[in-house]
Protein chains: 2
Amino acid sequence: MMNFSVGVEYALHCLVNIIPLNRPIGIKDLAEFQGVSESYLSKIFTKLAKARIVQSTPGVKGGYELTKSPKKITFYDVVIAIEGSQPIFQCKNIIAKAFTNEALEAEEDEDEVPCLINRTMLEAEQQMYNFLKEKTLMWLRETLDNELSPDILEKNREWFQKKLVQN
Amino acid sequence: MMNFSVGVEYALHCLVNIIPLNRPIGIKDLAEFQGVSESYLSKIFTKLAKARIVQSTPGVKGGYELTKSPKKITFYDVVIAIEGSQPIFQCKNIIAKAFTNEALEAEEDEDEVPCLINRTMLEAEQQMYNFLKEKTLMWLRETLDNELSPDILEKNREWFQKKLVQN
DNA sequence: ATATTATAGATAATTAGTGTCCTTAATGGG
DNA sequence: CCCATTAAGGACACTAATTATCTATAATAT
Ligand code: SF4
Ligand code: SF4
């Protein structure tokens, strides 16, 4: 059915809320916030850390914080961090049979430029990614700040402040 | 991992080869051509038929043929026919918790415009689809005719002619 | 009538996605 | 130094989606 994994959604939810905080925040709080499981969200954040989107500090008062300005983190970065970078179209290389119905092994060996069908799909994918590369976390944060009701934003802010103070 | 199903690949392989034929061709031949299973390919073609990309005639000398000019069939049409039209990002609606950490049930009821994260993902998806809408089967066929070696093209043509004659 | 071919449904096998649990390692505070 | 806390990683379980097979049925040309 071809869709992004829930991890992408979890990650974006968390990241956009991490922005205003200036201290590390732990998985426990982030999980509680969204009502999802700690253990699973933890896996997600390990991926984000490996992609250097967040930085982790273990131990008391530890947690996660952004490694760089949210202006420099794009939706694309997050998607790739979570989903990996395998292209959405993977040629099963039926071509040897499909377009020659025979050999062509010679050409198969050299891993040359992929066939037209493959290339077209990958280009299409790039269109999507180019768009996602333009959308930064900062943009998301700012646009939400404009779109959401002050009420909700305030409640939200309070919730995180309370959590940070508790630690 | 977010990728197109193999069905899309099977379908494109078949369709681009159906173009030059002016008679119905059966699943058996198309499956043999690609070296994939008849039963599975048959499911794929049922989907293509439902999407009115191909037309089927059962019985002796039956098979599939295009319903319309390959100029009017796009990669997008094929992808949607096979994969269905569910968007690639499906909000799990954690927002009630995520951005309000409370109620907001009122707003949940009205199925209004989706939130910014969701919208952004869907726009990105559209970028990909817009690209695929521009690529027609005819374009694929013609570009392949230019790119592939005359040798391969000829072998290819012969294979299908032989099959058609056998019926 | 018969052989051929598509359609549909049931079901199996395989793989990917989601989620839990437990152990280890790092860290700060007492 | 010891302890509570937190992230990281591995092993595993569960679920859902994908890919594939098989069988029965209906339509069709000869
Ligand atoms: S995608 Fe291209 S190379 Fe790959 S099997 Fe299909 S036609 Fe061949
Ligand atoms: S995608 Fe948007 S509406 Fe859906 S849960 Fe995430 S933030 Fe909420």
Side-chain angles (χ1 to χ4, degrees), chain A residues 1-11 14 18 23-32 34-65 67 79 82-84 86 88-90 92 94 163-164 166-167, chain B residues 1-11 14 18 23-32 34-65 67 79 82-84 86 88-90 92 94 163-164 166-167:
Chain A
M1 230 183 287
M2 160 90 173
N3 44 25
F4 289 118
S5 68
V6 283
V8 173
E9 195 176 345
Y10 292 173
C14 291
I18 287 179
R23 276 184 285 165
I25 185 162
I27 286 291
K28 210 168 62 175
D29 293 336
L30 291 169
E32 186 191 339
Q34 289 184 77
V36 303
S37 92
E38 271 180 64
S39 356
Y40 190 52
L41 190 59
S42 151
K43 304 282 184 195
I44 307 289
F45 264 78
T46 301
K47 287 183 182 177
L48 292 176
K50 284 200 172 138
R52 306 201 172 239
I53 290 171
V54 296
Q55 193 177 23
S56 67
T57 35
V60 182
K61 297 235 173 200
Y64 294 95
E65 54 198 322
T67 50
V79 167
I82 307 297
E83 304 255 338
Q86 290 99 340
I88 63 175
F89 186 86
Q90 271 134 317
K92 300 297 177 302
I94 322 178
K163 284 296 170 184
L164 284 186
Q166 280 173 11
N167 298 342
Chain B
M1 230 186 286
M2 161 91 174
N3 45 25
F4 288 119
S5 68
V6 284
V8 172
E9 195 176 344
Y10 292 173
C14 291
I18 287 179
R23 276 182 286 167
I25 185 163
I27 286 291
K28 210 168 64 171
D29 292 336
L30 291 169
E32 185 191 340
Q34 291 183 76
V36 302
S37 94
E38 270 181 65
S39 355
Y40 190 54
L41 191 60
S42 152
K43 301 284 183 195
I44 306 289
F45 265 78
T46 301
K47 287 184 182 177
L48 291 176
K50 284 197 173 140
R52 304 201 174 240
I53 290 172
V54 296
Q55 193 176 25
S56 68
T57 36
V60 183
K61 295 233 175 205
Y64 294 95
E65 55 199 319
T67 50
V79 167
I82 306 297
E83 305 254 338
Q86 291 99 341
I88 64 176
F89 186 87
Q90 271 133 317
K92 300 297 176 302
I94 322 179
K163 285 297 171 183
L164 285 185
Q166 280 173 11
N167 299 341

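What you see below is based on every heavy atom in this structure, not just the backbone, and it leaves out hydrogens, waters and symmetry mates. Below, chains carry the letters A, B, ... as their sequence lines are ordered, and counting in each starts from 1.
Between the OH atom of A/Tyr64 and the C1' atom of D/dA7 there is a distance of 5 Å, rounded to whole Å. Between the P atom of D/dA7 and the CD atom of A/Glu65 lies a distance of 12 Å, rounded to the nearest Å. In this structure, A/Ile27 atom CD1 and C/dG19 atom C1' are separated by 14 Å, rounded to whole Å. Atom pair A/Glu38:CD and D/dA8:P shows a separation of 14 Å (rounding to whole Å applied). Rounded to an integer number of Å, the gap from OH of B/Tyr40 to P of C/dA8 is 17 Å. Rounded to whole Å, the distance from OH on B/Tyr10 to C1' on D/dT19 is 8 Å. Across the protein-nucleic acid pair, B/Ile44 atom CD1 and D/dT21 atom P stand 12 Å apart, rounded to whole Å. Here C/dT15 presents its P atom at 14 Å from CG of B/Asn3, a figure rounded to the nearest Å.
Side-chain contact between B/Lys163 and B/Glu32 is present, with at least one heavy-atom pair separated by less than 4.5 Å. Counting heavy atoms from C-beta outward, B/Pro24 and B/Tyr64 have side chains that stay 4.5 Å or more apart. The shortest distance between side-chain heavy atoms of A/Glu83 and A/Ser5 falls below 4.5 Å. For the pair B/Gln86/A/Asn3, no side-chain contact is recorded, criterion being any heavy-atom separation below 4.5 Å from C-beta on. With a 4.5 Å cut-off on side-chain heavy atoms, B/Glu65 and B/Ile25 do not count as touching.
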All N/O pairs under 3.5 Å across the protein-nucleotides 10-12 of chain D interface:
unit_1 : atom_1 : unit_2  : atom_2 : d
D/dG10 : N7     : A/Lys43 : NZ     : 3.3
D/dG10 : O6     : A/Lys43 : NZ     : 2.4

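Interface residues of residues 45-57 of chain B facing DNA chain C, ordered by number: B/Thr46, B/Lys50, B/Ser56, B/Thr57; criterion, heavy-atom separation under 4.0 Å.
Taking SG of B/Cys14 as the start and CD of B/Glu9 as the end, the distance is 10.5 Å to the nearest 0.5 Å.
Between A/Tyr40 and A/Tyr10, the ring-plane angle classifies as perpendicular under the 30° and 60° cut-offs.
Checking side-chain atoms of A/Thr67 against main-chain N and O of A/Arg52 turns up a donor-acceptor pair under 3.5 Å. Checking side-chain atoms of A/Ser56 against main-chain N and O of A/Gly63 turns up no donor-acceptor pair under 3.5 Å.
Under the side chain to side chain contact (heavy atoms under 4.5 Å, CB included) test applied with A/Ile44, the options A/Ile27, A/Val36, A/Val6, A/Ile82 reduce to a single match, A/Ile82.
Between D/dT21 and B/Ser37, a contact under 4.0 Å exists linking OP1 or OP2 to a side-chain N or O. Put simply, A/Ser5 has no side-chain N or O that comes within less than 4.0 Å of OP1 or OP2 on C/dA16.
Comparing atom distances between the A/Ser42 side chain and each of D/dA8, C/dT20, C/dT18 picks out D/dA8 as nearest. Distance from the side chain of A/Pro58 is smallest to C/dT27 among D/dA27, C/dT27, D/dA20. Among the nucleotides C/dT18, D/dA4, D/dT21, the one closest to any side-chain atom of A/Val60 is D/dA4. Taking only side-chain atoms of A/Lys28, from C-beta outward, the nucleotide of D/dT30, D/dA27, D/dT6 with the closest atom is D/dT6.
Residue contacts shown for B/Ser39 include a base, since a base heavy atom lies under 4.0 Å away.
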